[in-house]
Amino acid sequence: MTLTQHDIDQEIAAEHAAYEKRVADGAPVEHQPRRDYAPYRSSILRHPKQPPVAIDVSQDPELVELASPAFGERDITEIDNDLTRQHNGEPIGERITVSGRLLDSGGRPIRGQLVEIWQANSAGRYAHQREQHDAPLDPNFTGVGRTLSDDSGFYSFTTVQPGPYPWRQHVNAWRPAHIHFSLFGTAFTQRLVTQMYFPSDPLFPYDPIIQSVTDDAARQRLVATYDHSLSVPEFSMGYHWDIVLDGPHATWIEEGR
Amino acid sequence: MTKIDTSNPEAVLPTPSHTVGPFYGHALPFPGGGDIAPVGHPDTIALRGQVYDGEGNPLPDAFVELWGADPDGHVPQVDGSMRRDTASGGFLGRNGVEFTGWGRIQTDAGGHWSARTLRPGARGQSAPYISVCVFARGLLVHLFTRIYLPGDDAALAADPLLARLNQDRRATLIATDGGNGTYRFDIRLQGEGETVFLEFQ
Ligand SMILES: [Fe+3]
């Protein structure tokens with residue numbers, strides 16, 4: 001039986017309604033997706049059925065997970081955050097500047113940590129062997145970047161606007177345009193991999209991956225804001241996207257400084 | 001709204017997680033990602049295992065990150081895990097001398113991963129362990145677990161996490177000794193023998 005967009009739309013609506021009802025009945029707001037989200041079929045066999053075992057980090061300040069791996073200047077090169085300069089020629093597409101702050105749950109900047117990104121090219125094609133989408137590869141675009149957050153927690157990338165792409169989960173399945181982000185905090189518990197989207201994408205309602213974040217406000221936090229002050233004259237469109245890392249961390253160390 | 005007003009604590013809410021998807025392979029893994037142990041270090045151990053889904057099929061599109069203390073129980077704050085070459089723009093690999101404690105290893109076509117790192121020392125109340133973070137296509141939020149090494153039964157018995165688990169579940173966190181400093185640690189995301197995953201609060 002062919003899985004259609006209509007089937008997926010109904011499942012998304014049912015998951016959303018179930019979440020709204022849970023909240024109305026007094027359940028807490030869910031800032032994170034659930035790992036078992038059937039409209040995204042790949043999650044079905046890949047989520048644990050046992051509840052996670054909770055560890056109260058305040059019971060032991062020596063936990064390895066309360067420290068984070070360190071990265072430094074030798075882990076990046078100067079043009080790693082400019083995806084338009086990694087080849088001999090200019091990549092095709094609308095140039096964009098994506099910038100924002102890396103913050104902890106207290107709103108404090110996370111300094112000197114590794115921010116990694118990867119994305120499709122402007123035609124919606126990844127420079128990845130397993131990618132099957134019949135859209136042109138761009139010899140001048142790999143779509144991979146990395147940088148370190150600065151002393152105020154800011155990161156910045158220059159790249160091109162990624163295209164949306166089909167992904168075959170169901171007939172006519174399309175991913176909204178997005179940039180994948182991988183982030184480290186001050187504690188390994190704050191590790192995050194996520195995706196940044198662009199404002200007003202018409203594909204949002206149809207995509208089970210963004211809809212896996214069933215809380216409307218939480219989902220909005222995945223969408224960058226157009227920021228004219230970040231647009232570079234005669235060069236690029238600017239987007240601002242702040243990232244807040246969840247997870248407990250060793251605040252007592254920070255407060256002592 | 002993604003410009004966050006940090007002066008208002010109620011506006012500072014977490015960014016949701018998303019799956020890594022299938023196409024991280026040209027972005028996140030790097031050469032020597034699992035060669036965490038400095039070359040020739042006497043406390044080197046070799047770890048290997050497979051990652052399985054709920055039907056027992058190996059995952060060819062997962063990766064693990066390992067994070068651990070050195071043999072003295074000291075957590076390194078050393079960069080250089082993914083050193084880059086400013087001339088070619090490529091990866092240089094680790095320098096083979098310093099221990100950063102962190103590595104990233106992609107599963108192969110058969111779902112296998114392997115790494116060489118240093119035998120961790122004990123910290124706090126815990127038996128020695130290596131922290132593991134698992135990512136995969138289909139996994140909407142990464143999963144944390146731990147690799148404990150077999151051998152020191154007293155230390156394992158006193159570990160606060162292991163003490164809370166029944167015998168079957170506890171066994172999923174303890175690697176199997178393969179001799180000569182080699183250990184096997186499989187990760188089962190779902191179903192029979194499901195690995196114990198952790199949530200830090
Ligand atoms: Fe993608």
Side-chain angles (χ1 to χ4, degrees), chain A residues 31-33 35 37 42-43 45-50 52-57 60 62-65 67 69-72 74-77 103 105 107 116 118 126-128 130-131 144 182 188-189 191-195 209 212-213 218 220-225 240-244 246-248, chain B residues 1-4 6 9 12-28 53-55 67-69 75 77-84 86 89 100-102 123-126 129 131 133 135-143 161 164 189-190 194 196-201:
Chain A
H31 296 302
Q32 298 293 342
R35 293 187 181 92
Y37 185 73
S42 304
S43 74
L45 288 173
R46 295 183 169 194
H47 71 270
K49 299 220 164 161
Q50 303 270 356
V53 175
I55 293 188
D56 177 358
V57 302
D60 187 352
E62 301 295 320
L63 294 180
V64 170
E65 293 92 347
F71 299 91
R74 55 184 173 161
D75 294 309
I76 53 169
T77 65
L103 303 166
S105 54
E116 296 165 281
W118 69 105
Y126 282 92
H128 185 290
R130 216 181 282 149
E131 161 74 291
V144 173
S182 165
F188 201 43
T189 58
R191 188 79 179 85
L192 178 69
V193 168
T194 188
Q195 301 175 24
I209 294 184
S212 72
V213 182
Q220 279 307 309
R221 294 199 292 277
L222 292 171
V223 184
T225 304
H240 189 110
W241 192 51
D242 288 340
I243 303 160
V244 176
D246 210 352
Chain B
M1 182 53 198
T2 43
K3 250 188 196 176
I4 289 167
T6 53
V12 183
L13 292 168
T15 304
S17 168
H18 257 14
T19 174
V20 290
F23 301 130
Y24 57 83
H26 64 309
L28 298 183
D53 73 10
E55 286 181 344
W67 172 231
V75 178
Q77 283 302 294
V78 177
D79 60 28
S81 295
M82 53 199 309
R83 285 190 315 143
R84 306 298 305 291
T86 50
T100 70
W102 178 79
R123 291 176 57 81
Q125 307 148 29
S126 303
Y129 66 87
S131 179
C133 193
F135 299 85
R137 179 178 67 83
L139 190 55
L140 285 160
V141 186
H142 54 265
L143 289 164
L161 168 63
R164 291 162 55 199
L189 297 182
Q190 188 188 87
E194 185 176 299
V196 168
F197 296 106
L198 307 174
E199 184 170 77
F200 297 94
Q201 294 172 342

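Every chain is numbered from 1, with letters handed out A, B, ... down the list of sequences. Computed from a prediction, not measured in an experiment: that's the story for all the values here.
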- Task: Can you measure from NE2 (His47(A)) to CD (Gln190(B)) and round to the nearest 0.5 angstrom?
- Result: 5.0 Å
- For Phe135(B), is it the side chain, the backbone, both, or neither that has a heavy atom closer than 4.5 Å to a heavy atom of chain A? side chain
- Query: Yes or no on side chain to side chain contact (heavy atoms under 4.5 Å, CB included) for Gln195(A) and Thr19(B), after CA distance, side-chain angles and deciding distance?
  - Reply: CA-CA 8 Å; Gln195(A) 301 175 24; Thr19(B) 174; 4.1 Å; yes
- Message: Apply side chain to side chain contact (heavy atoms under 4.5 Å, CB included) to residues Tyr129(B) and Leu63(A) and explain how you reach the verdict.
- Response: CA-CA 10 Å; Tyr129(B) 66 87; Leu63(A) 294 180; 3.8 Å; yes
- Could you look at Ile76(A) and say if it's the side chain, the backbone, both or neither that has a heavy atom under 4.5 Å from chain B? backbone
- Portion of Glu116(A) that has a non-hydrogen atom of chain B nearer than 4.5 angstrom: side chain
- For chain A, the option from Gly101(B), Gly54(B), Ala27(B), Ser81(B) that forms the most heavy-atom pairs under 4.5 Å: Ala27(B)
- Does some side-chain heavy atom of Arg191(A) sit less than 4.5 Å from a side-chain heavy atom of Trp67(B)? no
- Task: Of all the heavy-atom pairs spanning Gln32(A) and Pro14(B), show the shortest one and how long it is.
- Result: NE2-CB, 4.1 Å
- Item | Engaged part of Val78(B) at the chain A interface, taking heavy atoms whose separation is under 4.5 Å | both
- Applying a strict 4.5 Å limit to non-hydrogen atoms, the region of Val75(B) in contact with chain A is side chain
- Task: Would you name the heavy atoms of Glu65(A) and Ser131(B) that are closest together and state the gap between them?
- Result: CG-OG, 3.4 Å
- Message: Measuring only between side-chain heavy atoms, which start at C-beta, is Ser17(B) closer than 4.5 Å to Val193(A)?
- Response: no
- Query: For chain B, which of Val144(A), Asp242(A), Thr189(A) has the most heavy-atom pairs under 4.5 Å?
  - Reply: Asp242(A)
- Report the residues that fulfil salt bridge (Lys or Arg N to Asp or Glu O under 4.0 Å) with Arg123(B), sequence neighbours left out, ordered by chain and then residue number. Glu62(A)
- Taking the side chain from Asp75(A) and the backbone from Asp79(B), do they hold a donor-acceptor pair closer than 3.5 Å? no
- For His240(A), the ring-ring contact (aromatic ring centres under 6.0 Å, His included) test, sequence neighbours excluded, returns none
- Most contacts with chain A, counted as non-hydrogen pairs under 4.5 angstrom, among Leu139(B), Leu161(B), Val20(B): Val20(B)
- Query: What pair of heavy atoms forms the shortest contact from Gln125(B) to Asp60(A), and how long is it?
  - Reply: N-OD2, 3.3 Å
- Message: Tell me which of these, Ser42(A), Pro48(A), Gly72(A), has more heavy-atom pairs under 4.5 Å with chain B than the rest.
- Response: Pro48(A)
- Under a 4.5 Å heavy-atom cutoff, which of Asp56(A), Ile243(A), Ile209(A) has the most pairs with chain B? Ile209(A)
- In terms of ring plane angle, is the pair Trp102(B) and Phe71(A) parallel, tilted or perpendicular, where the classes change at 30° and 60°? perpendicular
- With only heavy atoms counted, which part of Leu198(B) is less than 4.5 Å from chain A, the side chain, the backbone, both or neither? both
- Message: Quick check on Glu194(B) against chain A: is it the side chain, the backbone, both or neither that has a heavy atom closer than 4.5 Å?
- Response: side chain
- Query: Which heavy-atom pair separates Ala127(A) from His26(B) by the least distance, and what is that distance?
  - Reply: O-CD2, 3.3 Å
- Using non-hydrogen atoms and a 4.5 Å limit, figure out which bit of Val213(A) sits close to chain B: side chain, backbone, both or neither. side chain
- Check: Pro16(B) main-chain N/O paired with Arg221(A) side-chain donor or acceptor under 3.5 Å: no
- May I ask you to decide if Leu189(B)'s main-chain N or O and Arg46(A)'s side chain share a donor-acceptor pair within less than 3.5 Å? no
- Message: What part of Ser105(A) gets within 4.5 angstrom of chain B, counting heavy atoms only: side chain, backbone, both, or neither?
- Response: backbone
- Sidechain-backbone polar pair: Thr86(B) side chain, Thr77(A) backbone, donor-acceptor under 3.5 Å: no
- Message: For a quick test of reading the model, state the closest non-hydrogen atom pair linking Val64(A) to Gly68(B) and the distance between them.
- Response: CG1-CA, 4.1 Å
- Note on the structure: On a heavy-atom basis, the closest approach of Thr6(B) and Leu103(A) is CG2-CD1, 3.7 Å
- Query: When heavy-atom pairs shorter than 4.5 Å are enumerated against chain A, which of Gly124(B), Gly80(B), Cys133(B) gives the highest number?
  - Reply: Gly80(B)
